[in-house]
Amino acid sequence: MGANPYCYLTTYQSDIGSALAALREQEFRAGRYDPALQAADPPTYTFQQRFPPSDSFPSPGAQHGSLEEAFADGMESGSGTGSILDIMGLADFPQLLHASPTTHETLMATFASSTPSHDMALQLVSQDFSVQDQLMKVMAFWDEIGRGEARYFIIYDQGTPSEIFFAGMSID
């Protein structure tokens with residue numbers, strides 16, 4: 001099976017590590033990870049959902065006693081949780097099970113800006129590619145992320161940091 005992309009938006013805070021930890025806890029508590037989504041009605045998998053999570057995303061609640069138990073259960077199948085729960089921390093450069101900053105060069109190539117807006121970031125998950133060039137930029141962005149890795153970048157609103165965008169690939 002191939003790796004699947006996922007992404008999340010979270011409110012900006014200068015401590016990216018704390019933002020990641022809070023996001024992981026939020027998604028764990030909501031049960032938006034494999035294998036917890038098997039408890040949803042109807043049962044589902046993260047790769048079948050549209051990201052970033054919205055009100056329509058199943059949220060059966062945590063099905064494990066801790067984040068570590070959820071990750072270990074996901075790893076028993078060899079595929080992980082298919083979610084941000086697989087990302088254990090931050091790294092300066094791409095590293096398995098870590099989020100690293102999106103490079104300035106990638107931001108410029110993808111958005112023609114180093115300060116992308118919320119709407120610009122959502123182009124990465126858009127299904128509407130009326131311009132072939134836009135599709136190629138989005139594909140290049142996702143192609144840079146290896147299995148079990150994630151990237152992040154800051155989203156800006158009128159020049160002020162407002163959100164953090166985390167994008168990753170599942171382990172499987």
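One-based numbering along the sequence shown. Just the heavy atoms: all of them, side chains too, but no hydrogens, waters or symmetry mates, feed the values below.
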- Closest non-hydrogen atom pair, M169 against I145: CG-O, 3.5 Å
- Message: Which heavy atom of S126 sits nearest to which heavy atom of R50, and what is that distance?
- Response: CA-NH2, 4.5 Å
- D15 (side chain) donor-acceptor with S18 (main chain) under 3.5 angstrom: yes
- Under 3.5 Å, is there a donor-acceptor pair between the D119 and S117 side chains? no
- Query: What's the spacing between M120 CE and T110 OG1 if we round to 0.5 Å?
  - Reply: 9.5 Å
- Message: If you define the side chain from C-beta out and look only at heavy atoms, does anything of M88 sit under 4.5 Å from R24?
- Response: yes
- Any chance you could measure S114, atom OG, to L107, atom CG, to the nearest 0.5 Å? 7.0 Å
- Item | C7 side chain near W142 side chain, heavy-atom distance below 4.5 Å | yes
- Query: Has the side chain of Q63 got a donor or acceptor atom that lies under 3.5 Å from a matching backbone atom of P60?
  - Reply: yes
- For the hydrophobic clusters of this structure (ILVMFWY residues joined by side-chain heavy atoms under 4.5 Å, transitively), does one cluster hold both L96 and F71? yes
- Message: Does E144 form a side chain to side chain contact (heavy atoms under 4.5 Å, CB included) with T106? I'd like the steps, not just the answer.
- Response: CA-CA 9 Å; E144 285 187 14; T106 297; 2.8 Å; yes
- Query: Is any side-chain heavy atom of T102 closer than 4.5 Å to a side-chain heavy atom of F111?
  - Reply: no
- Item | Value rounded to 0.5 Å, distance of CG in D92 from NE2 in H98 | 10.5 Å
- Separation of S100 OG from Q95 CD (nearest 0.5 Å): 8.5 Å
- Sub-4.5 Å side-chain heavy-atom contact between R32 and T46: no
- L122 and P52, any side-chain heavy atoms less than 4.5 Å apart: yes
- Item | Shortest non-hydrogen contact between S170 and G82, atoms and distance | CB-CA, 4.0 Å
- Message: Can you classify the ring geometry of F141 versus F153 as parallel (below 30°), tilted (30 to 60°) or perpendicular (above 60°)?
- Response: perpendicular
- Query: So, the side chain of Q123 versus the backbone of V138: is there a donor-acceptor pair under 3.5 Å, distance only?
  - Reply: no
- Considering all heavy atoms of both residues, which atom of P101 and which atom of A91 are nearest to each other, and what is their separation? CD-O, 3.4 Å
- E149 with R151: basic N within carboxylate O range, under 4.0 Å: yes
- Provide the closest heavy-atom pair for T10 versus A19 in the form atom of the first, atom of the second, distance. CG2-CB, 4.4 Å
- Any side-chain heavy-atom pair from I171 and L97 closer than 4.5 angstrom? yes
- Message: Other members of the hydrophobic cluster containing Y8, with the 4.5 Å side-chain heavy-atom rule, please.
- Response: Y6, Y12, I16, L20, L23, F28, Y33, L37, F51, F57, L67, I84, L85, I87, L90, Y152, I154, Y156, I164, F166
- Query: How would you list all residue pairs meeting salt bridge (charged side-chain N to carboxylate O under 4.0 Å, His left out) that involve residues 70-91, not counting sequence neighbours?
  - Reply: none
- Task: With rounding to the nearest 0.5 Å, note down the distance linking CD in Q13 to CD in E163.
- Result: 13.0 Å
- Output for pair (R29 CZ, S59 OG), nearest 0.5 Å, gives 14.0 Å
- Note on the structure: Heavy-atom nearest pair, R147 first then A3, reads CG-CB, 3.6 Å
- Message: When you compare the side chain of H118 with that of L9, does any pair of heavy atoms fall below 4.5 Å?
- Response: yes
